Visitor: 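Got a structure for you, questions after.
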Amino acid sequence: MIVGIAGKIAAGKTTVAKLLEERGFCRISCSEPLIDILTGNTKDYSWVPEVEFKGEPTRENLIELGRILKEKYGEDVLIRLAVDKLRHCKNIAIDGVRSIGESEKIKEMGGMLIYVEARPEIRFERLRRRNADKDKTIETLEDLLRFDEWEEKLYQTSKLKEIADFVIVNEGSIEELREKLYKILRL
């Protein structure tokens, strides 16, 4: 089974993927193949796209490399790479699905899409708590809302919610999230 997980920044996509990992799923992020390509860590892939792009694996470089790969190899390239890397796994949780093409590929492969959402105020508090380097440019709630607008223009994330097989509101505890997730997946 392949489960794609979409949602806005800090909605809980990675937490959902980790909960699935607890149940035996192999977990991968859509950004992982991008990081692997930038760092040359491609030994686990049966194929590696050729690309003329170098740089550190910053959020900006990952977005640019993703754009280049999608133009050259198709909108679903990151899903194909993620599944290829984990080709020996029976169940795969793909964190960070960002586009219609990616979600369509997951469904074409017999998988499903879960959209995770939470109010901006809750997501901003999560960003502050996790204090990740990649989030340093989001210092205020207004910054987060601007990032949401930019991401919507770039990826049309609201359309992912419309085509998702399930939508999970993640505004409570991890236990509540686990219960919602396992109920919809019958785990």
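Residue numbers run from 1 in the order of the sequence given. For clarity, every value in this text was computed on a predicted model and none was experimentally measured.
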Visitor: Using side-chain heavy atoms (C-beta onward) and a distance below 4.5 Å, is I79 in contact with I2?
Guide: no
Visitor: State whether K159 and E162 are salt-bridged, where the test is any N-O pair (Lys NZ or Arg NE/NH1/NH2 against Asp/Glu carboxylate O) under 4.0 Å.
Guide: no
Visitor: Look at the side chain of D76 and the backbone N and O of K105, then say whether any donor-acceptor pair between them is shorter than 3.5 Å.
Guide: no
Visitor: Quick one: are L177 and I168 in side-chain contact, heavy atoms under 4.5 Å?
Guide: yes
Visitor: Do the side chains of V97 and V169 join up, straight or via other hydrophobic residues, at under 4.5 Å, putting them in one cluster?
Guide: no
Visitor: Under 4.5 Å between side-chain heavy atoms, hopping through other hydrophobics if needed: is there a path connecting F124 to L145?
Guide: yes
Visitor: Restricting to side chain to side chain donor-acceptor pair (under 3.5 Å), what partner residues turn up for D165, sequence neighbours left out?
Guide: none
Visitor: Residues two or more places apart in sequence or in another chain: which of them pass side chain to side chain donor-acceptor pair (under 3.5 Å) with K70?
Guide: E102
Visitor: Show which residues join L78 in its hydrophobic cluster (side-chain heavy-atom contacts under 4.5 Å, direct or indirect), or state none.
Guide: L34, I35, I37, L38, Y45, W47, V48, V51, F53, L62, L65, I68, L69, Y73, V77, L81
Visitor: Can you tell me which residue pairs pass the side-chain hydrogen bond (donor to acceptor under 3.5 Å, both in side chains) test with a partner in residues 11-20, sequence neighbours excluded?
Guide: T14-D95
Visitor: Please determine if K8 and E151 form a salt bridge, counting it only when a charged side-chain N lies under 4.0 Å from a carboxylate O.
Guide: no
Visitor: Would I63 and L127 show up in the same hydrophobic cluster when neighbours are defined by side-chain heavy atoms closer than 4.5 Å?
Guide: yes
Visitor: Under 3.5 Å, sequence neighbours excluded: what are the donor-acceptor pairs made by side chains of residues 113-123?
Guide:
residue	atom	partner	partner atom	Å
E117	OE1	K161	NZ	2.8
E117	OE2	K161	NZ	3.4
R119	NH1	E171	OE1	2.8
R123	NE	A118	O	3.2
R123	NH1	I9	O	2.9
R123	NH1	D148	OD1	3.3
R123	NH2	D148	OD2	2.4

Visitor: By salt bridge (charged side-chain N to carboxylate O under 4.0 Å, His left out), which residues pair with E142, not counting sequence neighbours?
Guide: none
Visitor: Measuring from I92:CD1 to R87:CZ, what's the distance to the nearest 0.5 Å?
Guide: 10.5 Å
Visitor: Taking a hydrophobic cluster as the set of Ile, Leu, Val, Met, Phe, Trp and Tyr residues connected by side-chain heavy atoms closer than 4.5 Å, whether directly or through intermediates, do I5 and L181 fall within one such cluster?
Guide: yes
Visitor: Is the shortest heavy-atom distance from the side chain of S158 to the side chain of E152 under 4.5 Å?
Guide: yes
Visitor: Got a second to check how far R27's CZ is from I94's CD1, nearest 0.5 Å?
Guide: 13.0 Å
Visitor: Does E56 have more than 12 heavy atoms from other residues, nucleotides or ligands lying within 6.0 Å of its CD?
Guide: no
Visitor: Applying side-chain contact (heavy atoms from CB on, under 4.5 Å), can you list everything that pairs with E176, at least two apart in sequence or on another chain?
Guide: S173
Visitor: Are E50 and K72 ion-paired here, with the side-chain N under 4.0 Å from a carboxylate O?
Guide: no
Visitor: Got a sec, which pairs hit disulfide (SG to SG under 2.5 Å) with one end in residues 41-113, sequence neighbours left out?
Guide: C26-C89
Visitor: Closer than 4.0 angstrom, basic N to acidic O: yes or no for D36 and K85?
Guide: yes
Visitor: Under the salt bridge (Lys or Arg N to Asp or Glu O under 4.0 Å) criterion, do E64 and R67 qualify, and how do the steps go?
Guide: CA-CA 5 Å; E64 181 61 15; R67 184 190 65 73; 2.4 Å; yes
Visitor: Does M112 belong to the same Ile/Leu/Val/Met/Phe/Trp/Tyr cluster as V167, with side-chain heavy atoms less than 4.5 Å apart forming each link?
Guide: no
Visitor: What ring-ring contact (aromatic ring centres under 6.0 Å, His included) pairs are there with at least one residue in residues 150-187, not counting sequence neighbours?
Guide: F147-W150
Visitor: Does E179 come within less than 4.0 Å of K183, counting only side-chain N to carboxylate O?
Guide: no
Visitor: Only counting residues at least two apart or in another chain, list the ones meeting side-chain contact (heavy atoms from CB on, under 4.5 Å) with E125.
Guide: R128, R129
Visitor: Under 3.5 Å, is there a donor-acceptor pair between the side chain of R126 and the main chain of A10?
Guide: yes
Visitor: Could you list the residues that satisfy side chain to side chain donor-acceptor pair (under 3.5 Å) with T39, not counting sequence neighbours?
Guide: none
Visitor: Sequence neighbours excluded, which residues qualify as side chain to side chain donor-acceptor pair (under 3.5 Å) partners of E139?
Guide: none
Visitor: Please tell me if the side chains of L154 and R98 come closer than 4.5 Å, counting only heavy atoms from C-beta onward.
Guide: no
Visitor: Could you tell me whether the side chain of E22 reaches within less than 4.5 Å of the side chain of R178, counting heavy atoms only?
Guide: yes
Visitor: Within the structure provided, determine whether V3 and N91 are in side-chain contact (heavy-atom separation under 4.5 Å).
Guide: no
Visitor: Report yes if some heavy atom in the side chain of V83 is under 4.5 Å from a heavy atom in the side chain of M109; otherwise report no.
Guide: yes
Visitor: Please walk me through it: do D84 and S46 pass side-chain hydrogen bond (donor to acceptor under 3.5 Å, both in side chains)?
Guide: CA-CA 7 Å; D84 179 64; S46 67; 2.5 Å; yes
